[in-house]
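Below: one structure, written as structure tokens.
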Amino acid sequence: MAKTDFGPPDYRTMIPPVIANNYGKWSYHEIPQPGVLKHVSETGDVLYSVRIASARLISTDWIKEICDIAEKYCGGYLRFTTRHNVEFLVSDEKQLQPLLADLKGRGYLVGGTGNAISNVVHTQGWIHCHTPATDASGLVKAMMDELHGYFTTMKLPARVRLAVACCVNMCGACHCSDIAIVGIHRTIPRINHEGVAKACEIPSVIAACPTGAIRPNPKLKSVEVIKEKCMFCGNCYTMCPSMEIADPVNDGVSIWVGGKVSNARTAPKFSRLAIPFLPNNPPRWPEVTDAVKHLVEVYAKNARAGERMGEWIDRIGWERFFKLTDIPFTEKHIDDFTFAPTTFRSTSQFRL
Amino acid sequence: MAQSKTPLLDDLEKGAWPSFVTEMKKAAAKKANSQDLVDQLELSYKDKTGYWKHGGIVGVKGYGGGVIGRYSAKPEEFPNVKEFHTVRVNMVPGFFYTTEALRSLCETWDKFGSGLTNMHGSTGDVILLGTTTENLQPCFDELSEKGWDLGGSGGGLRTPSGCVGMARCEFACMDSMDFIQEVTRHFQNEIHRPAWPYKFKIKCSACANDCAAATARSDFAVIGTWRDTLKIDQKAVNEYVKGGFDIQQLVVGKCPTKALEYTGTELKFDAENCVRCMNCIDMMPKAIKPGKDRGAAILIGGKAPVVKSAFIGWVLVPFMKVDAPYTEIFDLISRITEYFDEHAKARERIGELIYRVGMGNFLKGIGLTPQPQMVSAPRANPYIFWQDEEVVKHG
């Protein structure tokens, strides 16, 4: 039988000598140009990291291609970032310009550093998920084809983190992103009573509902959904395949803004609802792409240097955010779930 | 030229951003299952809906997780993705690879799977996307032979992951890569034989910039920090200013506790009021460094919305040393996961459990004492639970 329970490969066997020699000794870094990090060690050693975008869904052919590049310029070492970028680790400064020229020649996008839009954290979508309300890879591709100019430069007031989740499960945990795109359903699950009776554990299905919208239907040994209480999260479908919620005509995309995970300056924040619904229009999702581009542009024009999107909104207030972006504010923007009162304004301080 | 069968996806091969469709087609040129994946996805784009069924239980010998079963909802139309399971492979901590290691991984995946991967999935694993039930065991056997183990899935510990840390970051206040490696090794059984009510994620960022998004994305977040004072090199500060750096706007004005003041020659610092947010260090890495007495803060309960709400992790331990062999933090993780195992309902995350039973009860349960750093403010309501032993008994 195969060996089990030995855990990940030892990182010490995977790092280049310049990192092994300077582990814990890095002194400072600079960004000499977008996509290039220069780390300088206490020992005087220098490491250049050259960052390129990846498609996240990548073929073994592409991995072999980046291996070829890393072998040519980086002694056979590379790494990935938490946002699906690839970093070529250059310890020989003479290799930096040839590497950059090679990457340019192959059409790779070098960037994603500093005050940029880095690669997009996202989920599987229609490619491989069983509960998606939209695709994720396609949305990312369509958006970043429009926004890649912000990946390859550092001209934004601060970094902007984009994320896409194909349903409210938010596997990519995009709930703390500067701009989050979340697939949503808008119609109640369609119950196949026979299927529920045969294959679903009814107490678990009832417990899975955040709003208590599911009650037993003893006559059919099934359940029923109280329409007024359902907010279409699809968690019952996750528990029970006989409560199908996907609805191609009504499924679509919502947009959330102002979240962050860093503690720098201000505490981490949730992303908040900006646009409750935009339609699924593959392959290019023009409505979504336009909306995201618009949000980035309004932010870039109005925020101060060093201000993340959420920090900018905190300074100017949500009332001005909706005015500046020209996004209609509706009853859908007002929370009505468990912690709703914490979001209601309880001061006479606001902008008119 | 014959008309393309996939006009919608073909459109996504245009444009400057790297195309996942091009990647899928590269795999499809070699693998029938990847070709069916492309064709099924084209149908999804046409019909605006997904075509994957709920996963069935599949796996490899000795493990209860690490493989996600996936079946096409249209097996007659796309027989080669009738079974198209995901294999989660435990990545290298910090996502560093030699090309030799990557090539070896690709060789196995070309042999047994679709030739498509995610580098990496949201939790951190290498995602090998798509193979048959029959191929799972031989695929794992070969991976294991080469030194690649599986990651987590289901109701157990998920593959821990973290930031690059001391390998390449001057901000690192702890050795995040080493901690992630050792915590993964220590809790192998909890990763590979999921037996808890629900998933439990551990992530580590070596400083409060939290590049691993640990507070938002993990049940147990380890955030590197320090407990002495940050180190300011006044000469280097003045160099920044001389170079045109707007120290007022970008550093002094942004300090969350107004602990910094620049006199024109000196950056004055109110050490007791520093909340270690990282902004001044981020902005002037040559001039300002974290303190020397380093460790980590632990935050608990971070998660995405379903079911009760999304939570950003709550402070559980304001500061602890986190050095190899990590005895104290492993013990804390064990106490928490034992409590979780015993008290959580099915599919209840630890944040939801704490919300249900109360933070006070949870702290008692795992043997921690309350501290003011745990709250943004004390309670404002008078609904206090007094225990029998805290009041005078009558008669």
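All chains are named by letter (A, B, ...) in the order of the sequence lines, taking the proteins before the strands, and each is independently numbered beginning at 1.
Taking chain B as the reference chain and counting heavy-atom pairs below 4.5 Å, the highest number among A/His122, A/Lys25, A/Arg304, A/Gln124 is found for A/Gln124. When each of A/Asn280, A/Leu47, A/Thr4 is checked for heavy-atom pairs under 4.5 Å with chain B, A/Thr4 comes out on top. Contact count versus chain A (heavy atoms, under 4.5 Å) is highest, among B/Phe84, B/Phe187, B/Tyr51, B/Tyr71, for B/Phe84. Ranked by heavy-atom pairs under 4.5 Å with chain A, the first of B/Ser144, B/Gly50, B/Pro285 is B/Ser144.
A donor-acceptor pair under 3.5 Å is formed between the side chain of A/His175 and the backbone N or O of B/Lys303. Checked by atom type and distance alone, the side chain of A/Arg284 pairs as donor or acceptor with a backbone atom of B/Asp11 at under 3.5 Å.
Using a 4.0 Å cut-off between a side-chain N of Lys or Arg and a carboxylate O of Asp or Glu, B/Arg185 and A/Asp10 qualify as a salt bridge. Taking a cutoff of 4.0 Å between a charged side-chain nitrogen and a carboxylate oxygen, B/Asp178 and A/Arg12 qualify as a salt bridge.
Every residue meeting the disulfide bond (SG atoms under 2.5 Å apart) condition with A/Cys240, not counting sequence neighbours, appears here in chain and number order: A/Cys200. With sequence neighbours left out, A/Arg79 forms a salt bridge (Lys or Arg N to Asp or Glu O under 4.0 Å) with A/Glu87.
Taken to the nearest 0.5 Å, the NE2 atom of B/His120 stands 10.0 Å off from the NE2 atom of A/His84. Interatomic distance, CG of A/Asn263 versus CG of B/Asn209, reported as 8.0 Å (0.5 Å rounding).
Contacts of B/Leu12 with chain A are made by both backbone and side-chain atoms, with heavy-atom separations under 4.5 Å.
Counting heavy atoms of neighbouring residues, nucleotides and ligands inside a 6.0 Å radius, atom NZ of B/Lys30 exceeds 12 of them.
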